[in-house]
Amino acid sequence: MLVYTLRRLLVAAGVVFAVYTLTFCLSHIEIFNPPVNWVEALLGVPEEKRTKLGLADPARLMLGQHGDVNTVERIREELGLDDPVFFNTRAFRSGSYLSPASWSQFFHDQRHETQYFRSLFNLLLNFDLGKANRTQQPVSEMLIQGASVTLQLALAGIVVAVVMGLTLGILSAVYQNTWVDRLAMIGAILGISVPIYLVGLVSILLFTKYWRLLPGVGMDESVLPWLTVHLPWFIVPPGWLLEVRLPVYLVLPAIALGVRPGAALARMMRTTMLEVIRQDYIRTARAKGLDEWTVVMKHAVRNALIPVVTVLGLELAGLLTGAVLTETIFSIPGLGYQSWSALKDMNTPLIMGTVLLVSVVYVLANLLVDLSYAFLDPRIRYS
Amino acid sequence: MLSGTGCVRVSKVSDVEELKTRVGKLEQRAEAIESSIKVNERMAALEARLAELSRPAVAAPVAPLSSDPAAQTAAPATVPVAAPVAAVSAAAAHPERFGGEYRQGIGTDPPSLDPAQISDTTSHRVGLNIFEGLVEFKDEDLSVVPLLARSWEVSPDGRVYTFEIRPGVKFHTGREVTAEDFVYSFRRLLDPKTASVRAWLFDEVLGYPVFKAIQSARGQLKYQADGQYEKVEATRIEEAIRFLDAVDKEHLTRAEIPEPDKVLATIAKARGVLKQLADALAQGREAAKAVAVDAALMQELEAPKFEDYVKKGIAAPAPMTLRIELAKPFAPFLTVLAMPNAGVVPREEIEKWGDRFSEHPVGTGPFKFASWQHNVVVELEAFKDYFLGRPYLDKMRFRVIPDESVRLNEFEIGNLEHVNEVPDEKYETIKATKDYPGVLEECETLSTFYMGFNMTKKPFDDLRVRQAFSHAIDKHTILNVIRRGRGKVANGVLPPGMPAYNPELKASDYDKEKAIALLKEAGYEDRTKLGELEYWYNATSSNDPNARLAEVIQQNLLQIGVKVKLQTTDWSTYLKKVDRGELALFRMAWVADYPDPDNFLYILFHSKNRGEAGNYSMYNNPKVDELLERGRTTLGMADRVKIYQELEKQIVADSPWTFLYHSRQPFLRKPYVKGVVFTPLGNDAIRMRGAWLDQSQMKPGN
Amino acid sequence: MHDNGKIFVLSYSSPEVWLRLVAAAVLVLLMLAPLAPMPVWRSLWIDAWKRLKRNLSAMAGYYIILGLCLVAFLAPWIGPYTPSYQDYAAVEQRSAETLSGKYADTVVRLPDFSGEHWLSVDNLGRDVFSRLVHGSVISLEVAVISQGVAVAIGTVLGLIAGYYGGWIDALLMAATEVILAFPFLLLVMTIIAMFGIPTIETIFVIIGLIGWPSIARVVRAQVLSLKQKEFIEAARAMGATDARILFQHLSPNTMAPIIVQVSLGMAGAILSEAGLSFLGFGAQEPTPSWGLMVAKSQGDLVPLWWLPILPGVAIMLAVFGFNLLGDGLRDALDPRMKT
């Protein structure tokens, strides 16, 4: 088990590294700038083509419409934007491939004067992701800020999904083949069909503009009250109370985000419930004379929950994707909104940071899901 | 912002009751504490106000200034002792106006609060309140009036400016401002170590052109000497040679640069090598590598330090006297000094913080920097020792809210005191709503929106094609449909309100037949011969006015049978593309930095500004260049107006742009906001010195 | 058939017009198909069709999709204007109306069906109804093209993975897992941001390129279960080549799960395209993409709510139709999977 985990961790690190390098290539080498080809871009751009480089140029951005070449160049130099991306061959320019001095110079240049290795070492040694274009704010700070907002949103979304999914799923399983079941399942298919922004817009229209009940867009930390949701009793163990306190501004976004995974969950729940209900121990429970609700809730639901948990794990990617759309429509300054605007503005350092964070989260989540299988199902053994 | 916003709590049911009672008790205590804090704050504010009232007003009585815009440059001129607009000098008379917090929304985190680096509207909006310079624009007519300078004198040849600094002005740190501070601040702006984006403000200062020439020569030669051959560029060498050629002995002696003959000899030597290099480059890269640069020359180029060059140009002959000498007359110089970039900064703070001065800005303005939570809020507070008396407001909060519609929403629910943009689709609703919780003011700004042609690219090297395209564009509809009529159709470069604006100018009108005829004349009867044309624009949101403009333009051109493809990209890539002249057809706009025609015409049409400096159409007309130079060096506004009107006529005839419109900007404020002045310089140049909140009109939810 | 900028000029001498009409006629016939008498002989497909006919929700999906196709083929007849025609007078009239204060306090307005533009115009004066109608073409195109690409890649890779097993199988399945679980929208957006916004066709293909794993997986599963069946053993014994076994014997038997998967995949593809366009990384103006329409008219939510909401409803309806049909097909084609 330990060996397996370590091996998986190693692979995970490899995946993250590969994603990082690939994104770095894509964002720093302008292969779409016609005069430059891949080889040139990697090994150093020939002199004549040099001035054609650097389209999304943070230095240029700082100067605005009345720029000055000298200043642009000075800033570019300061930010190291003119350094080669991968290979700095300056040490060998005089042709001395054999002298140890030029080799040590080469390694020094490689480490400090190539864009890729400099940022890689900065990342590994100092956890420094660089600074965002224009605002020159540390990317790591922005990511932490954005991620914490998105985390809240995702949690709230999961709550909505779980409540909706379990309720619909259990109801339709218990009342299988009645109108309740049909209605719930049609609702569930609608739920996986509806675009997030439609839910968002309709809820803004109704709750914010028409009934003026809830705040529509943005998040203001200071003025809004809380909404306390008690999770239904069949989710939490008896004798305990799970209380989720949501800031009110998250209510509508959470609904928009939660509908899709909720509908998926409802379908999954129904299927597994139906399977479970056919099991012998349920028949036994019924035979014992327990009333139907106790049978369903105490015996069936609990056993049906295990596959559902893994479904939720798999919905992570969906949640992240959904967060981009939800945050855009509700203007919530989370990771999704941030990455969206970073992509729009070609804010390269921020894009790099986001991609890195997402891939780390994704790899770790996958690892956790796989490991949790082993714990949940003793038949699975990793060697 | 993030702490305590969402939480999941798991607890035993039996604990819950107990917890609830404990929470209740805590809440009671919190309330008690809060109310006592409020009382304390109130007391403190009252005390502050009392102290304020008992202090004698610093401001001198106001001497009304001539509103004739020519007055600012009429030579020789001595401006009498005068105080700025009296908004605050009467402060003592209105104790009830003091207090309150003013909140506005900004779209992004300010990139920098260092006056040397401020070049964007967001930083400008915040920085304006912290930094002040020698002069400022009068709110009514944008003429230049004294601020930290008490008076000034301009020599008859228009080259020497002598400022008398106002005594008793204090930095936020408490130290008094002297002429030395201005010398330091201005030299810092020019110093290449600062890498200021606004060094061009002082481009004409005596001695600096020499320094710049030597710098650019040194740059190219250093690449050559270090073997970084790929960085040597023919165009840059030409530029350096041109700069060097402009240096003469007289300039050197006047600037009192040490050992002028030696410098001249160095320049001659550098020029020789550069020439050699340029010739070799013409032969090819390999040939250029052979050109040797000797170390002695490089050392000589280093010789006089930066300070030596400008020591005469910017100097303080007396503790409260500042003398600025220009290499040649520069008519808009005083106007330039009113930009926030020319604000005075204390040397000791900059030396203390270094690069991080932007995070701890200190100036002399009515508000001092309090705190900055990146991407959340910048807070300023009233500067008690402001030389015109403390401002009414206690505090200002600039909240970072990226989305325009969210800002409007926040304004409507009462979380912002003003917003300075109204989305096009909301404009009419706001105007039509009777009990709208805000007052909408509008002001024509000094801006021009245009569709630019790259005059060096086919087919736009042909005047008839440019004219045809201009005739095809229905500007009135564009203004009405895209901007909901907010603005004025443009018929020339200069916007109304700018000196030298010419209302008689008539740029192309909407005339499809004429456009088609012109195209035919130019040999494009078959439109497919025009090739695959692309119209470029930059857009941030999908509902960006630029995007909508692009679509209308596409439709308009389709009417004369011209098919264009729309292309969009982000702002920084876009800028690079227009810099390099890659785009044949593009949108652009220019908003005045300072209210002088020079700011539009020189930057946008001088041939030496082709590319990144602003002339994106690559317009090159020697006659216009000459007139532009003349306009800069001529003193007296009346003469300059003639020059500018003449050259603008020429530009319009050459049709490098399709002039679209001058925009009108909204300023949406709460009814209780008073004393905020909104000028044609745009709603990012709003000064808050005299702003106050009318408590009697404040009601919850308003 | 061409457009004169404002409306489509339908000249009945051009083949395109007739092709559209014939396609429409076929669609009408398909709509009537459930009423047709069933043949007396039996086959897997006929049985499935019978089961499908009995499934109400599947039939609802069937008709939604056919209706959508009909609208798409007859778009030039239904939509009165070309989707890019800008009626500036209509915008100015709307502005004047708003300014008059008539709708100042109206949160929810009702469309004025009697006017020149049934569902009003967007902020550039383009007829919303026409754009909605023409938007169906884009949605169906993305569904068909992207799933075409996905099926082509997914079937081949699924067959190979299932048939050969071993490291090829492991590698391909690892790839499918990565693609399936990665936040896809973010990935595509990143690629598009870096490569520059491509044409709409390229976006269809990109969506297809990311949609193949689910098809590959069902094909592989099917192959794994068939591999040991007698008829394959027999074919192998008769000396058939691998390629022959794969494409002659195995692939026809994977049809049923592929059809199910394609139907569900089309739903996903429509949703993806709309999402990308909504975020500004998909279709570009003046393409009448539903997602783009939602994004562009968000500001008009009050009081012209239908401007952003109707295109959203259209997306939902299309996706709903494919999902319903997909579910129905799964039940009909594979009775064992019925729950």
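Just so it is clear: chains get the letters A, B, ... in the order the sequence lines come, proteins before strands, and each one is counted from 1. These figures come from a predicted structure and were not determined experimentally.
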request  = Decide yes or no on side chain to side chain contact (heavy atoms under 4.5 Å, CB included) for A/Val324 and C/Met189, but give the supporting numbers first.
outcome  = CA-CA 11 Å; A/Val324 180; C/Met189 269 165 65; 4.3 Å; yes
key: Flag side-chain contact, heavy atom, 4.5 Å: A/Lys344 against C/Leu279   =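 Not touching, per the 4.5 Å side-chain cut-off.
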task = Could you tell me whether the side chain of A/Arg260 reaches within less than 4.5 Å of the side chain of C/Leu271, counting heavy atoms only?
result =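 They are in side-chain contact.
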inquiry  = As an exercise: rank A/Leu205, A/Ile186, A/Val358, A/Leu320 by heavy-atom pairs under 4.5 Å with chain C and give me the winner.
reply    =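 Greatest number of close heavy-atom pairs with chain C: A/Leu205.
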message = Looking only at heavy atoms and a cut-off of under 4.5 Å, which of A/Thr328, A/Leu325, A/Leu190 has the most pairs with chain C?
response =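 Greatest number of close heavy-atom pairs with chain C: A/Leu190.
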Does any heavy atom of chain C fall under 4.5 Å from the side chain of [X], the backbone, both, or neither of them?
| X | answer |
| --- | --- |
| A/Val355 | side chain |
| A/Leu343 | both |
| A/Ile192 | both |
| A/Ser339 | side chain |

request  = Assess whether atom CG of C/Leu171 is packed by more than 12 heavy atoms of other residues, nucleotides or ligands within 6.0 Å.
outcome  =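 Yes.
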[X] versus chain A, heavy atoms under 4.5 Å apart: side chain, backbone, both or neither?
| X | result |
| --- | --- |
| C/Ala274 | both |
| C/Thr190 | both |
| C/Phe322 | neither |

query = Pick from C/Ala267, C/Gly275, C/Gly268: which one has the most heavy-atom pairs with chain A under 4.5 Å?
reply =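 Maximum pair count with chain A is reached by C/Gly275.
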query = Any residues in residues 301-310 of chain C near chain A, with a heavy-atom distance under 4.5 Å, and which are they?
reply =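 Those residues of residues 301-310 of chain C which have a heavy atom under 4.5 Å from chain A are C/Leu301, C/Val302, C/Trp305, C/Pro308, C/Ile309.
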key: Residues from residues 193-203 of chain A approaching chain C under 4.5 Å (heavy atoms)   =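 At a heavy-atom separation under 4.5 Å, chain C is reached by A/Ser193, A/Val194, A/Pro195, A/Tyr197, A/Leu198, A/Leu201, A/Val202.
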request  = With rounding to the nearest 0.5 Å, note down the distance linking CD1 in A/Ile189 to CZ in C/Phe320.
outcome  =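 It comes to 6.0 Å.
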task = Rounded to the nearest 0.5 Å, what's the gap from CG on C/Asp327 to CE on A/Met185? Could you check?
result =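 Going from the CG atom of C/Asp327 to the CE atom of A/Met185 covers 10.0 Å.
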key: C/Arg126: partners by side chain to side chain donor-acceptor pair (under 3.5 Å), with sequence neighbours left out   =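 For C/Arg126, the residues satisfying side chain to side chain donor-acceptor pair (under 3.5 Å) (neighbours in sequence not counted) are B/Glu551, C/Asp122, C/Glu285.
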inquiry  = Can you list everything that forms a ring pair (Phe, Tyr, Trp, His ring centres under 6.0 Å) with C/Phe129? Sequence neighbours excluded, please.
reply    =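 Checked C/Phe129 against ring pair (Phe, Tyr, Trp, His ring centres under 6.0 Å); matches are C/Trp118.
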